[in-house]
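Start at 1 with the first residue, then count along the sequence.
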Amino acid sequence: MFQVRKISAFTLSALCAVIAAVIICVCAISCSGGQISYKSQYYFVCYRITDNAISASSLSSTVSSYGGAGYILNYDKYYYVTVSCYYKQRDAETVCASLKKRDLECSVLKIETNKYKLKSSSKNNRQLFLGNFNTLNSLSLLVYDCANKLDTGEFSQNKAKEIIYSVQNSVKGLLKSNESNCFTNGLNNIYAECEDKQRGFLMSKDMRYLQIAIIDLIINVKTF
C-alpha cells in the first residue's frame with residue numbers, strides 16, 4: 001500500500017550478510033572529543049502531530065486501520081502518529097500526496113541525525129556505538145524491504161517470519177555487546193516487538209511499525 005522503492009537483490013544480499021554476522025563496523029563516520037558523528041536522514045509520513053500522548057494513542061489505531069504503521073514517534077517534545085518511513089524525501093512526498101488524494105491529511109517529517117554527545121563514561125564505547133548505528137540502520141532497511149514485498153506479494157508469511165527471526169537474532173547479538181548502556185532499553189523493546197510479531201499473521205504495516213521502532217532508537221538514543 002505504501003510501497004515506493006525496492007531494494008536491489010545485491011543490496012538485500014549485503015544487508016543479510018550484515019545481519020547474519022551482526023557486523024560492528026564504521027564506514028566513513030568520524031568521532032572526536034566528546035561526540036560521535038553519524039549522519040542519516042529519515043522521512044516520516046505522519047497522520048497527525050500532537051503534544052499529548054493520550055491523543056496520539058487514540059489516533060494510532062485509526063492509522064493502523066488504514067494500513068499504516070501507527071507507530072507513535074516522540075521527537076522534539078511532540079508525538080507524531082506515523083504512517084510510514086522512507087530514506088528519500090521524494091518517496092515520502094509521493095506517498096503523502098497519494099494519501100491526500102484520498103482525503104487523508106498527512107505531512108512529511110524530516111529527521112536528520114548528525115552529532116551525538118558522549119558522556120565521559122561512554123567515551124570508550126565510541127566504536128561500539130557507531131557499530132550499533134550502522135547495524136540498526138541496516139536492519140531498518142531490511143524490514144522496509146520486507147514490508148514492500150509483503151505489499152506486492154513477493155514475500156510469503158514464511159519469508160517474512162524469516163526476516164523477523166533474523167532481525168531478532170541480530171538484536172540479540174547487539175544486546176550481548178550492550179548489556180547495560182544507553183542502547184539497552186531500546187534494543188529490548190525491539191526484541192520484544194520481534195517476539196510479538198512472530199506469533200501472528202504479518203502484514204506490511206507490522207513491518208513498517210518495526211522499521212520505525214528501529215529508527216526511533218537511532219534518532220532518540222541518549223549517548224550522554
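- Using a 3.5 Å distance cut-off with no hydrogens or angles, the side chains of Asn185 and Asn188 do not pair a donor with an acceptor.
- Checking Asn137, Ile190, Leu142, Val171 one by one against Ile214, the side chain to side chain contact (heavy atoms under 4.5 Å, CB included) holds for a single residue, Ile190.
- In this model, a donor atom of one side chain and an acceptor atom of the other lie less than 3.5 Å apart for Gln168 and Gln198.
- Ionic pairing of Asp151 and Lys205 is not present here: no N-O contact between side-chain nitrogen and carboxylate oxygen is shorter than 4.0 angstrom.
- Side-chain contact of Asp216 with Tyr71: a donor-acceptor pair under 3.5 Å is present, judged by distance alone.
- Interatomic distance, CE of Met207 versus NZ of Lys149, reported as 12.0 Å (0.5 Å rounding).
- Between the side chains of Asn220 and Asn74, no donor-acceptor pair is found at a separation under 3.5 Å.
- For the pair Lys88 and Tyr86, the cation-pi test (distance below 6.0 Å, angle within 45°) is failed.
- The OG atom of Ser40 lies 9.0 Å from the CG atom of Asn114; values are rounded to the nearest 0.5 Å.
- Under a 3.5 Å cut-off, the side chain of Ser138 and the backbone N or O of Asn134 do form a donor-acceptor pair.
- A salt bridge is defined here as a Lys NZ or Arg NE, NH1 or NH2 lying under 4.0 Å from an Asp or Glu carboxylate O, and Glu162 with Lys159 meets this definition.
- Judged by distance alone, the side chain of Lys161 and the main-chain N or O of Gly200 form a donor-acceptor pair under 3.5 Å.
- Summarising the geometry, atom CG belonging to Asp51 is positioned 12.0 Å from atom CG belonging to Asp76; distances are rounded to the nearest 0.5 Å.
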Point to revise | Stepwise side-chain contact (heavy atoms from CB on, under 4.5 Å) test for Leu136 and Leu174 | key: CA-CA 9 Å; Leu136 288 167; Leu174 288 175; 4.2 Å; yes
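- Rounding to the nearest 0.5 Å places CG of Leu128 at 6.0 Å from CG of Asn181.
- Pairing each heavy atom of Cys106 with each of Leu99, the nearest pair is SG-CB, 3.9 Å.
- Separation of the Phe129 and Phe183 ring centroids falls under the 6.0 Å cut-off.
- Looking only at side-chain heavy atoms (C-beta outward), Lys222 and Lys117 stay at 4.5 Å or farther from each other.
- Of the residues Tyr144, Tyr43, Phe44, the one that meets the ring-ring contact (aromatic ring centres under 6.0 Å, His included) test with Tyr87 is Tyr144.
- Side chain of Thr135 to main chain of Asn132: no donor-acceptor pair is present (N/O by atom type, distance under 3.5 Å, no hydrogens or angles).
- Cys96 contributes atom SG, which lies 12.5 Å from atom CG of Asp91 (distance to the nearest 0.5 angstrom).
- Between the OH atom of Tyr38 and the OG1 atom of Thr113 there is a distance of 6.5 Å, given to the nearest 0.5 Å.
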